[in-house]
Amino acid sequence: MHRRHIVVLTGAGISAESGIPTFRGSGGLWFKYRIEDVATPEAFARDPAMVLDFYNQRRAQLESVQPNQAHKALARLEQGHKVSVVTQNVDDLHERAGSTSVLHLHGQLRRARSTVAPDWTMDIGYGPIRMGDTCPLGSQLRPDVVWFGEPVPAMDEARDVVASADVLLIVGTSLGVYPAAYLAHDAPAGAEIIVVDPEAREERVPGARIFREKAAGRVPLLVAELLENPA
Ligand code: APR
């Protein structure tokens with residue numbers, strides 16, 4: 001079977017049917033919290049306890065939700081193709097579904113990071129980070145996520161991955177946040193581009209095959225199609 005390189009760019013929408021709120025859809029997180037209060041370095045400097053609490057709540061919820069059929073289908077896709085997941089999500093649902101190649105552009109809820117040595121991170125599971133929790137160098141721990149205004153260290157690697165795609169599958173992202181959104185345009189000429197999003201906007205991914213449907217319904221069908229049609 002001729003294996004193709006399927007790159008899957010995912011956003012909050014793929015985890016919506018697992019019960020995790022998106023950011024900009026109805027009930028989205030940015031309708032309940034102001035980004036400048038909980039997701040910027042300035043917010044953390046101003047009120048670290050508030051920022052830690054915002055992520056502690058999201059991390060605790062993560063323990064109580066499960067991967068959905070979309071996450072599971074993407075893991076199954078590895079049986080017939082090379083699959084690279086590039087996600088903007090900080091949840092661990094792709095990994096828990098069984099995907100083995102997951103690149104987190106915006107970090108991971110389950111990891112904490114030193115505030116003086118950014119390369120020092122640790123897996124903290126679903127537990128909280130509290131004021132006074134320090135790294136071995138004695139600095140306060142912070143969530144290992146990318147805040148607005150911070151660089152996206154994995155961006156170069158992500159662009160290389162997308163540049164080698166035979167198929168770019170974009171699931172559940174508004175493609176409104178940069179630089180991640182640039183990836184929708186980094187697929188090589190001739191690559192097939194497929195979008196799954198109830199509110200997909202044609203102009204954001206010109207020439208794509210668009211399914212204005214929810215991920216848990218459509219992604220398993222696309223995976224079956226990709227597994228049946230190897231070349
Ligand atoms: N199936 C597929 N797509 C869905 C579903 C679903 N069940 N429900 C919602 N969506 C779509 C919405 O239509 C929207 O286009 O998912 C997208 C979610 O968009 P956002 O809430 O903007 O989330 P995302 O694109 O991941 O945000 C990017 O912004 O706030 C920052 O760092 C944060 O990683 C995040 C980044």
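If you're wondering where the values come from, they're calculated on a predicted model, not measured in any experiment.
Atom CG of Asp92 and atom CD of Glu63 lie 10.0 Å apart (nearest 0.5 Å). Distance check: Asp186 CG to Met155 CE gives 6.0 Å after rounding to the nearest 0.5 Å. The NE2 atom of His94 sits 12.5 Å away from atom OG1 of Thr100, with the distance rounded to the nearest 0.5 Å. Rounded to the nearest 0.5 angstrom, Gln140 CD and Met131 CE are separated by 4.5 Å. Distance check: Leu105 CG to Leu183 CG gives 6.0 Å after rounding to the nearest 0.5 Å. Rounding to the nearest 0.5 Å places CG of Leu93 at 5.5 Å from CG of Leu62.
Residue Arg159 places its CZ atom among more than 12 non-hydrogen atoms of other residues, nucleotides or ligands, all under 6.0 Å distant. Surrounding OH of Tyr182 are at most 12 heavy atoms belonging to other residues, nucleotides or ligands under 6.0 Å away.
Ion pairing between a basic and an acidic side chain is recognised when a charged N comes within 4.0 Å of a carboxylate O; Arg58 and Asp91 show no such pairing.
Linking Ile, Leu, Val, Met, Phe, Trp and Tyr residues whenever their side-chain heavy atoms come within less than 4.5 Å places Ile20 and Leu109 in a single cluster. The hydrophobic clustering, which links ILVMFWY residues whose side-chain heavy atoms are closer than 4.5 Å, places Val146 and Trp120 apart. When the side chains of ILVMFWY residues are joined at heavy-atom separations under 4.5 Å, either directly or via intervening members, Val152 and Val7 end up in a single hydrophobic cluster. Clustering ILVMFWY residues whenever any of their side-chain heavy atoms sit less than 4.5 angstrom apart, transitively, puts Leu221 in a cluster other than the one holding Ile210. If you chain together hydrophobic residues whose side chains sit under 4.5 Å apart, Ile194 and Val205 never meet in one group.
Residue pairs meeting the salt bridge (charged side-chain N to carboxylate O under 4.0 Å, His left out) criterion with at least one member in residues 9-23: none, sequence neighbours excluded. For residues 215-227, the side chain to side chain donor-acceptor pair (under 3.5 Å) pairs, not counting sequence neighbours, are Arg209-Glu225, Glu213-Arg218.
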Inset, instruction - Assess whether side-chain contact (heavy atoms from CB on, under 4.5 Å) is satisfied between Val196 and Leu169, documenting all intermediate values. - result: CA-CA 8 Å; Val196 178; Leu169 174 55; 4.2 Å; yes
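Listed for the Ser139 side chain is a donor-acceptor partner under 3.5 Å among the backbone atoms of Thr115. Distance alone, capped at 3.5 Å, is enough to place a donor-acceptor pair between the Glu150 side chain and the Trp147 backbone. Proximity of a side-chain donor or acceptor of Asp47 to a complementary backbone N or O of Asp37 within less than 3.5 Å is not detected. Although no hydrogens or angles enter the test, the distance criterion places no donor-acceptor pair under 3.5 Å between the side chain of Ser15 and the main chain of Ser18. Within the 3.5 Å criterion, the main-chain N or O of Ser164 finds a donor-acceptor partner in the side chain of His5. With hydrogens and angles disregarded, a donor-acceptor distance shorter than 3.5 Å links the side chain of Asn89 to the backbone of Ala12. Arg4 places no side-chain N or O within donor-acceptor distance of the main-chain N or O of His81, the cut-off being under 3.5 Å. Put simply, the side chain of Arg110 never gets that close to the backbone of Arg59: no donor and acceptor are under 3.5 Å apart.
Using a 4.5 Å heavy-atom cutoff, the side chains of Gln69 and Lys214 are not in contact. Between Arg76 and Pro220 the shortest side-chain heavy-atom distance falls below 4.5 Å. Met122 has its side chain out of reach of Cys135: every pair of non-hydrogen atoms, C-beta onward, lies at least 4.5 Å apart. Residues Thr87 and His104 are in side-chain contact: their nearest non-hydrogen atoms beyond the backbone lie under 4.5 Å apart. A heavy-atom distance below 4.5 Å is not found between the side chains of Val38 and Leu29.
Considering every non-hydrogen atom in both Gly176 and Ala181, the closest pair reads N-CB, 4.5 Å. Nearest approach of Leu222 to Phe211, heavy atoms of both residues: CD2-CE1, 3.7 Å. The two residues Val195 and Ala200 make their nearest non-hydrogen contact at CG1-CB, 3.8 Å. Closest non-hydrogen pair, Pro48 versus Ala45, comes out as CD-O, 4.0 Å. Residues Gly11 and Gln88 share a closest heavy-atom pair of CA-NE2, 4.1 Å. Taking each heavy atom of Ala70 and Ile14 in turn, the nearest pair found is CB-CG1, 3.8 Å.
Checking each of Thr10, Ile170, Leu168, Leu9 against Val86 for a side-chain contact (heavy atoms from CB on, under 4.5 Å) leaves exactly one that passes, namely Leu9. A side chain to side chain donor-acceptor pair (under 3.5 Å) with Thr121 holds for exactly one of Arg113, Gln108, Arg111; it is Arg111.
Ring-plane geometry between Phe148 and Trp30 is classed as perpendicular, the angle between the planes exceeding 60 degrees on a 0 to 90 degree scale with a lower cut at 30.
For the residue pair His71 and Ser99, no side-chain donor N or O sits within less than 3.5 Å of a side-chain acceptor on the partner.
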